[in-house]
Amino acid sequence: MTEHNRYLERCQQLAAIAAAAGESAVGSVVVLDGKIIGEGSEKSRQMKDVTRHAEVVAILDAVEKYGHCRGSILYSNVEPCILCSYVVRHHQISKVVFSKLCGELGGTNPAFNILTTDQISVWTKAPLIEIIK
């Protein structure tokens with residue numbers, strides 16, 4: 001099992017927790033220096049807050065526990081949407097690894113490529129993207 005697969009497996013476990021709670025089946029972890037510093041599952045319905053996607057929950061968890069997540073890797077079982085992509089860029093995450101494209105609202109979709117564009121000057125460079133299927 002590769003290191004990526006280990007973290008994606010944890011994302012799948014978190015996604016199963018979300019699904020069991022009636023949420024979309026999405027889980028995410030933030031990894032820095034080989035250590036999980038934040039994790040989250042989808043909580044939009046539970047918290048009655050559309051911004052509580054798994055990636056946002058994981059990033060906020062990392063910031064709360066570690067103070068920041070600059071230079072980290074975000075793992076998710078699903079491609080971050082445009083909302084999550086903004087949060088990834090804002091927190092200067094260096095790499096995003098996911099296993100499934102999310103469709104028209106995905107952060108790598110050419111129409112709304114917030115995650116990958118180099119046309120936004122207010123952030124550091126776009127994170128590296130890796131899709132592991």
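Here the structure is a predicted model, which means the values were calculated and not measured.
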> Applying side chain to side chain contact (heavy atoms under 4.5 Å, CB included) to Phe98 and Asn77, what does each step give before you reach the verdict?
CA-CA 5 Å; Phe98 58 90; Asn77 63 311; over 6 Å; no

> Are Val97 and Leu14 grouped together when hydrophobic residues (ILVMFWY) are joined by side-chain heavy atoms under 4.5 angstrom apart?
yes

> Would you please name every residue forming a salt bridge (Lys or Arg N to Asp or Glu O under 4.0 Å) with Lys100, sequence neighbours left out?
none

> According to ring pair (Phe, Tyr, Trp, His ring centres under 6.0 Å), does anything in residues 5-46 pair up with another residue at least two apart or in another chain? List the pairs.
Tyr7-Tyr75

> For the pair Gln92 (side chain) and Gly71 (backbone), establish whether a donor and an acceptor sit closer than 3.5 Å, ignoring hydrogens and angles.
no

> Quick one: do Leu101 and Val88 end up in the same hydrophobic cluster if we chain Ile, Leu, Val, Met, Phe, Trp and Tyr together by side-chain heavy atoms under 4.5 Å apart?
yes

> With sequence neighbours excluded, what pairs up with Ser28 under the side-chain hydrogen bond (donor to acceptor under 3.5 Å, both in side chains) test?
none

> Mark yes or no for whether Arg45, through its side chain, and Gly22, through its backbone, hold a donor-acceptor pair below 3.5 Å.
yes

> What heavy-atom pair brings Asn109 and Glu79 nearest, and what distance separates the two atoms?
N-OE2, 4.0 Å

> Is any side-chain heavy atom of Asn113 closer than 4.5 Å to a side-chain heavy atom of Thr108?
no

> Any pair with a residue in residues 53-68 that passes side-chain hydrogen bond (donor to acceptor under 3.5 Å, both in side chains), sequence neighbours left out, goes on the list, sorted by first then second residue, please.
Glu55-Ser76, Asp61-Lys65

> Is it possible for you to say whether Val56 and Leu115 belong to one hydrophobic cluster, with membership spreading through side-chain heavy-atom contacts below 4.5 Å?
yes

> When hydrophobic residues are tied together by side-chain contacts of less than 4.5 Å, even through go-betweens, does Leu83 share a cluster with Leu74?
yes

> Quick one: do Ser99 and Ile131 satisfy side chain to side chain contact (heavy atoms under 4.5 Å, CB included)? Show the steps, please.
CA-CA 5 Å; Ser99 52; Ile131 304 170; 5.9 Å; no

> Please identify each residue that fulfils side-chain hydrogen bond (donor to acceptor under 3.5 Å, both in side chains) with Thr51, with sequence neighbours left out.
Asp49

> For a quick test of your reading: what N or O donor-acceptor pairs under 3.5 Å do the side chains of residues 29-44 make, sequence neighbours left out?
{"unit_1": "Glu39", "atom_1": "OE1", "unit_2": "Arg10", "atom_2": "NE", "d": "3.1"}
{"unit_1": "Glu39", "atom_1": "OE2", "unit_2": "Arg10", "atom_2": "NH2", "d": "2.7"}
{"unit_1": "Glu42", "atom_1": "OE1", "unit_2": "Ala54", "atom_2": "N", "d": "3.1"}

> With rounding to the nearest 0.5 Å, note down the distance linking CZ in Arg70 to OG in Ser94.
10.5 Å

> Walk me through whether Thr117 and Arg89 qualify under side chain to side chain contact (heavy atoms under 4.5 Å, CB included).
CA-CA 10 Å; Thr117 185; Arg89 296 288 297 260; 4.0 Å; yes

> Measuring only between side-chain heavy atoms, which start at C-beta, is Val96 closer than 4.5 Å to Ile73?
no

> Applying the 4.5 Å side-chain criterion to the ILVMFWY set and letting contacts propagate, would Leu8 and Ile17 be lumped into a single cluster?
yes

> Looking only at atom types and distance, does a side-chain atom of Ser85 sit under 3.5 Å from a main-chain N or O of Cys81, one as donor and one as acceptor?
yes

> Distance check, rounded to the nearest 0.5 Å: Glu3 atom CD versus Arg6 atom CZ?
6.0 Å

